[in-house]
Amino acid sequence: MSTGSRSTAPAASATTAVDRPVPGEAASNKAWGSDAIAAVLRELDIPYVALNPGASYRGLHDSLVNYLGNRQPQMLLCLHEESAVAIAHGYAKVTEKPLLAIVHSNVGLMHATMAVFNAWCDRLPLILLGATGPVDAVKRRPWIDWIHTTRDQGALIRHYTKWDDQPASVGAAQEALLRANLIARTSPQGPVYINLDASLQEEMIPEMPALPNMERYAPPPAPVPAADVVKRAAELLTQAKRPVLLAGRVSRDMGAWKQRIELAEAIGARVITTLKAAAAFPTDHPLHAAGPGTFMSPAANELLTSADVILSLDWVDLAGALRGAYGAKPIAAKIIQISVDQYVHNGWSMDHQGLPPVDVNLLTEPDVAVPPLLAAIESMRPAAPALPAAASRQGPPPVSALESAKGIEVPMVATALKEAIAGADVCFIRVPLSWGGHLWDFRHPLEFLGGDGGGGVGSGPGHAVGAALALRGSGRLPVAFIGDGDFMMGNSAMWTAAHYHIPVLVIVANNRSFFNDELHQERVAKERSRPVANRWIGQAIREPDIDLAAIARAQGCVGIGPVEDPRQLVAALREGIAAVQAGKPCVVDVRVATGYDPGMTTSLMQRAAKP
């Protein structure tokens with residue numbers, strides 16, 4: 001993703017009226033280390049800092065409140081460190097810019113690690129600050145400072161962050177913030193971590209250091225691909241008879257969205273999209289041929305095996321997609337890869353996936369490569385091929401199906417939501433594994449924000465709150481459609497939404513089970529000739545059933561449900577939408593039947609069967 005401005009800035013929000021500090025006495029000539037750190041944080045132009053408090057950074061906390069006045073950045077109090085990082089991650093999903101997050105010493109960082117990994121795998125920026133008890137042992141309080149001091153705290157997350165530091169002076173801390181901001185925002189984007197010594201924060205300094213000129217510490221522009229490589233790729237694409245475009249990790253920029261459409265049309269490429277990444281191509285376009293899905297569908301595999309040229313725009317797991325389609329057969333198609341992802345591949349995490357065969361490699365971001373590639377193609381072949389007739393899409397069931405259905409299935413939620421929003425613009429922050437790609441057409445880069453990144457259950461509520469914060473004022477209805485297991489692990493993020501008046505609609509597909517694992521246990525049972533009927537044991541979330549709406553209400557949100565009657569579904573969602581439009585966060589607990597989209601189930605079982 002490019003380091004430039006990507007999406008419309010969120011409008012001024014009601015959060016600015018929350019948690020205003022009492023004015024202090026006239027400022028003295030005293031200054032503290034944490035004041036100097038806070039001063040540079042303001043220069044980063046980041047509006048919010050999501051945090052869970054702790055004594056290890058009490059100095060910085062004081063500076064954020066009493067030196068900066070709790071604005072720019074404004075605190076977002078979170079009830080769990082994982083929620084703090086997930087909220088920052090959700091915000092970045094919309095803006096492609098980092099929020100700050102702060103966690104307390106080693107224990108807070110350990111809580112946050114899963115959310116950091118999600119942001120890493122999702123290639124999105126995060127500036128995470130932490131703290132340690134005094135590095136100087138003489139300054140440590142008995143017991144508590146000792147257990148909250150770690151010699152190399154960054155080692156806890158070093159394998160899935162782009163950079164970390166533990167500065168030993170105020171000047172070094174200020175420089176570390178500048179470097180962190182630069183590295184996090186440079187593609188491939190990702191999390192960075194700075195660990196602040198408690199003593200450093202609380203030491204008195206003789207005067208405030210001069211503030212940096214931020215223009216001199218800006219992230220660099222993405223590299224432009226070499227002309228000869230662009231020409232070679234353009235030649236392959238113009239000569240292709242059956243080109244396929246894999247639209248993967250790209251930006252939220254509307255201009256780049258339109259250029260991807262022009263590129264596909266210029267070469268007549270059939271386009272495949274994925275639910276792992278955010279919306280990258282209009283799914284109702286005549287050239288959109290398969291997806292979006294969590295796994296490759298049979299139709300997508302057929303397209304890949306019949307293609308003579310495959311163009312990957314930073315596709316998540318290109319090697320896996322090719323292997324799934326071709327199996328052990330030789331890959332006949334020419335492969336063009338546009339990605340900078342290899343810059344963050346390391347030996348600890350396998351999130352880099354398999355190594356794909358590539359014939360032309362443009363080591364840059366898709367948004368940067370598409371314009372010159374499109375220009376080269378148009379110069380070689382001015383007349384674009386005719387568009388095929390738009391293929392018919394199945395879509396969700398008709399509204400009338402809700403009148404006769406005996407229970408609620410996930411496609412019916414899509415039906416009811418379409419009816420309830422009445423044509424309003426929506427942003428799907430998340431969809432559950434049970435979602436089928438045919439249930440909704442994505443026509444805008446902000447209509448769908450992709451998956452969780454690292455497969456970490458519990459991130460959904462935090463992502464919902466962070467994305468909704470960024471979407472405020474955009475005119476889009478923020479909707480997070482998540483599973484009950486995901487909601488239960490991370491639901492305390494909803495308190496943050498209630499406290500800071502962040503409107504968001506969270507629909508819980510409550511099948512009262514960790515159903516994904518039920519299917520895995522079914523597969524194992526079949527392979528071992530054991531009773532499939534036992535697959536629910538250790539998976540079902542029943543007896544007692546959890547009242548998810550009550551949990552939402554207990555935290556100050558609007559809670560609706562449980563909704564079990566299909567005939568009540570449209571009314572329940574309309575009520576939830578009205579609450580969101582009135583500025584409130586709302587959770588709708590929908591009791592759905594277990595089951596996945598047929599294509600999803602097939603792909604999941606094929607995956608489970610592989611060694």
Side-chain angles (χ1 to χ4, degrees), residues 82 113-115 117-118 121-122 274-277 291-301 316-317 319-325 327 349-354 407-411 413 430-439 450-461 463 481-491 508-543 545-546 548 590-611:
E82 190 171 344
T113 52
M114 180 67 250
F117 183 70
N118 277 335
C121 291
D122 213 16
T274 175
L275 290 177
K276 293 188 184 77
T294 303
F295 301 106
M296 298 293 273
S297 66
N301 286 335
V316 181
D317 192 12
L322 295 172
R323 179 186 174 191
S349 174
M350 299 297 109
D351 66 278
H352 51 66
Q353 313 292 327
I408 301 174
E409 297 180 350
V410 165
V413 181
R430 286 279 289 279
V431 293
L433 277 175
S434 48
W435 182 268
H438 64 282
L439 296 177
D452 54 28
V457 179
S459 62
H463 287 177
F481 190 15
I482 64 178
D484 50 323
D486 195 14
F487 179 79
M488 282 304 301
M489 285 192 190
N491 71 78
V508 183
N510 186 0
N511 59 21
R512 289 161 287 173
S513 172
F514 289 103
F515 184 67
N516 178 51
D517 289 291
E518 280 199 44
L519 294 183
H520 282 283
Q521 294 311 127
E522 176 180 332
R523 178 72 194 192
V524 173
K526 287 179 177 178
E527 289 179 347
R528 299 178 179 182
S529 300
R530 292 173 176 174
V532 171
N534 292 331
R535 73 179 194 182
W536 64 273
I537 296 175
Q539 314 284 1
I541 312 172
R542 303 185 183 96
E543 298 181 8
D545 290 348
I546 302 171
L548 305 183
V590 182
R591 298 281 174 86
V592 299
T594 56
Y596 284 167
D597 176 75
M600 166 66 186
T601 305
T602 300
S603 299
L604 184 67
M605 289 300 96
Q606 288 173 345
R607 179 177 67 125
K610 291 178 180 178

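All figures in this text were calculated on a predicted structure; none of them were measured in a lab.
Listed here is the closest heavy atom pair of A509 and V592: C-CG2, 3.8 Å. Closest heavy-atom contact between P411 and L439: CB-CD2, 3.8 Å. Taking all atoms of both residues into account, the shortest heavy-atom contact from P531 to A525 is O-CB, 4.0 Å. Across R430 and S459, no two heavy atoms sit closer than the pair NH1-OG, 3.1 Å. Between T274 and P292, the closest heavy-atom pair is C-CB, 3.8 Å. Heavy-atom minimum distance, G460 versus I482: CA-CG2, 4.2 Å.
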Test I408 against V413 for side-chain contact (heavy atoms from CB on, under 4.5 Å), laying out the working first.
CA-CA 8 Å; I408 301 174; V413 181; 4.0 Å; yes
Salt bridge (charged side-chain N to carboxylate O under 4.0 Å, His left out) between K276 and D317: does it pass, once the steps are laid out?
CA-CA 10 Å; K276 293 188 184 77; D317 192 12; over 6 Å; no
Yes or no on side-chain contact (heavy atoms from CB on, under 4.5 Å) for S434 and F515, after CA distance, side-chain angles and deciding distance?
CA-CA 9 Å; S434 48; F515 184 67; over 6 Å; no
With side-chain contact (heavy atoms from CB on, under 4.5 Å) as the test, would you mind laying out the steps for Q539 and N516 before giving the verdict?
CA-CA 9 Å; Q539 314 284 1; N516 178 51; over 6 Å; no
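Panel note: side chain D452, backbone G455; a donor-acceptor pair is recorded below 3.5 Å.
Rounded to the nearest 0.5 angstrom, T594 OG1 and W536 CH2 are separated by 13.5 Å. Between atom CG of residue N491 and atom CG of residue L548 there is a gap of 8.0 Å, rounded to the nearest 0.5 Å. Note that CG of L433 and OG1 of T294 are 5.5 Å apart. Values are rounded to the nearest 0.5 Å. A distance of 8.0 Å separates CG in L322 from CE in M296, rounded to the nearest 0.5 Å. Annotation: the span from M489 atom CE to D484 atom CG amounts to 10.5 Å, rounded to 0.5 Å. E82 CD to T113 OG1: the interatomic distance, rounded to the nearest 0.5 Å, is 7.5 Å.
In this structure, N118 and M114 have side chains that are in contact, with non-hydrogen atoms separated by less than 4.5 Å. Put simply, the side chain of F295 does not reach to within 4.5 Å of the side chain of L275, judged on heavy atoms.
Between the side chains of N511 and S513, no donor-acceptor pair of N or O atoms lies under 3.5 Å.
Checking R530, R528, R535 one by one against E522, the salt bridge (Lys or Arg N to Asp or Glu O under 4.0 Å) holds for a single residue, R535.
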